[in-house]
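By convention in this document, chain letters (A, B, ...) are assigned in the order of the sequence lines, proteins followed by strands, and residues within each chain are numbered from 1. Only this structure's heavy atoms are used, side chains among them; waters, hydrogens and symmetry mates stay out.
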Number of protein chains: 4
Amino acid sequence: MFIPVVLGTAREGRQSEKAAKFVYQEVKRFGVETDLVDVRNYLLLATDNTERSVMAKKWSEIMSRSDGLIIISPEYNHGYPGELKQMIDLIYPEYARKPLGICGVSSGLLGGGRMIEQLRLVSIELRMVPIREAIYFPQVADLFDEQGKIKDYGYYSKRIKTFLEELVWYARALKEARERRILNRRPL
Amino acid sequence: MFIPVVLGTAREGRQSEKAAKFVYQEVKRFGVETDLVDVRNYLLLATDNTERSVMAKKWSEIMSRSDGLIIISPEYNHGYPGELKQMIDLIYPEYARKPLGICGVSSGLLGGGRMIEQLRLVSIELRMVPIREAIYFPQVADLFDEQGKIKDYGYYSKRIKTFLEELVWYARALKEARERRILNRRPL
Amino acid sequence: MFIPVVLGTAREGRQSEKAAKFVYQEVKRFGVETDLVDVRNYLLLATDNTERSVMAKKWSEIMSRSDGLIIISPEYNHGYPGELKQMIDLIYPEYARKPLGICGVSSGLLGGGRMIEQLRLVSIELRMVPIREAIYFPQVADLFDEQGKIKDYGYYSKRIKTFLEELVWYARALKEARERRILNRRPL
Amino acid sequence: MFIPVVLGTAREGRQSEKAAKFVYQEVKRFGVETDLVDVRNYLLLATDNTERSVMAKKWSEIMSRSDGLIIISPEYNHGYPGELKQMIDLIYPEYARKPLGICGVSSGLLGGGRMIEQLRLVSIELRMVPIREAIYFPQVADLFDEQGKIKDYGYYSKRIKTFLEELVWYARALKEARERRILNRRPL
């Protein structure tokens, strides 16, 4: 079971990095193989197909062997960051029939709830399964201490456990169904 | 494998009825047990919890034994009909971990694409799996002949076949996973 | 300047009623003529066009003389209540070129943010102007005391003031533009 | 009256370029001062605030003197292109109280209708007024001839006229209201 965690903003001074590291640690602690994938390594000047291909190949290698995906991202003007969308749009078939869990980060009160809805609609078109559970990190500037440790660990570790149980339930169910399909020599 | 088809508008003179009957016939032809559920039988004056309970019980009996759901509905002002939303909101746990396929109907050119997006977001909160495939019935007044037969059967029967293959793939995958979970005596 | 406040849920035991009364009082205090419109008076068994017409006429009389609209509604499964959508869909031209402000109510943490987004998209199709400002009433069960008074009046009265300033800015700008258009004998 | 047209994709071989040039010509023909703004000139590797500032300044100069905005963009996986979102997020106050009209482009049948909805929600947060009218360019590969001329000019020129009438109605109404506000020395 391999489920990478994507950090979806490349901005200087990004607050979401702390939240991403926290989520990444919790996924490991849960016993799932994971990797922290930074959108900064996928920035592209989009007019160049050669550059696109290099980026796409790198991202494809990760998603091809994954059983699901976690995205953690801030909400910018009620939507997702552009650099995250550019990265997502690099590949297509690698996403199919794998679950997606989204964590939202915001400076305001709603913790990225609107961004999560927009990203869920994108993920359906990618043939992914967006799960109901989500993690909200509102007012992010106050959530972590100076060492980058989350202050209310009890609350967040419990929420992430529920989130991961749901994500892994789907990851397992869909993995088995994909493998049965291959055994039966039927097209995906 | 039981997947009911809900007709989501109760309006007098509704054009979606023809499309719903067509979809219902195609589901049967595909070999899936189904039922045509008319939202007209679930209209309620929402202040009365007694009436709500009667409606909810009836709808719960159908959804409890279903392995998925098809909703066919017009788009009203880019959203879903109110009577459909009232019916959907009647029950909750019965939807969990079952796939949803949506068919959109419109008098205009887009065939309900915006309504489908809004309904998909609702279905995620219901713990359903909204599938990527969708059927669009744009300019519905011109799609059926006087006997109510769809004019371009070739196009639509092919689209519905793809739609149902995807829906049934998920229905089967999730049914097996739900049953395994029960065998293992773990909570849903 | 007349801006009615619609309470968008008809459910027994609705928590949004307290929030709606509070908003209604604040609108009056702000010096804007208003009215509290209860969706319970617009429930309909939607198949009957005669009944629809009666409801539509009643609602049309209010919206025709209004300069804007405030909707206060709970979020049900990330969407709007069905009874609210049925009421909204009763009429069409009366909404054109008037601003809409939305207040969300929820038992959870997000205060109806997803419902607000879905309703904004509906309102654009109605030719309304959905304003950026919104009021969120999260965890509504804890927001009011036993007499129905809002506990944190300072915070909410300030937010509503900003909300109303924006709404009235648009109400005035659009009213003047509509009237100029009529003077110039140009179509709306 | 100055209303620039933004072309929202930077991809090699972009089909939207033809549609953007067509819209740009029609805006000029309508008698509105305009400019074709290419997102390719605003691509950025987002981690660098210095580079962000340069881009932001350039885009700010255009939006500051504009009375509205037209965006023409393809739909990628039901959302907006990442490079467009990065450009939009560069600035904030310059958008306030100006109307936005969106034109969607797609290879499929819906002409970008889902992207338009997501972008409208972003624009509300920017304090813009997203107008109801939209132009859809579905199956774009078949819409233009080899010289890049639109085939069905009659249909599209009529739709754009309605679109521009609505956009200019709002541009004028809001410009006058903004100027009155300044005369009265009240904050925006």
Atom pair CD/CG of D/Glu83 and A/Leu44 - distance to nearest 0.5 Å: 8.0 Å
Option passing side chain to side chain contact (heavy atoms under 4.5 Å, CB included) with D/Tyr76 (candidates A/Glu125, A/Gln86, A/Lys85): A/Lys85
Taking every non-hydrogen atom, the tightest pair across D/Leu121 and A/Gln118: CB-NE2, 3.7 Å
Closest non-hydrogen atom pair between D/Asp89 and A/Arg11, with its separation: CB-NH2, 3.6 Å
Whether over 12 other heavy atoms sit under 6.0 Å from D/Lys158 NZ: no
Within 6.0 Å of NZ in A/Lys161, more than 12 heavy atoms from elsewhere: no
Region of D/Tyr92 that comes under 4.5 Å of a non-hydrogen atom in chain A: side chain
Other residues, nucleotides, ligands: >12 heavy atoms within 6.0 Å of A/Lys57 NZ: no
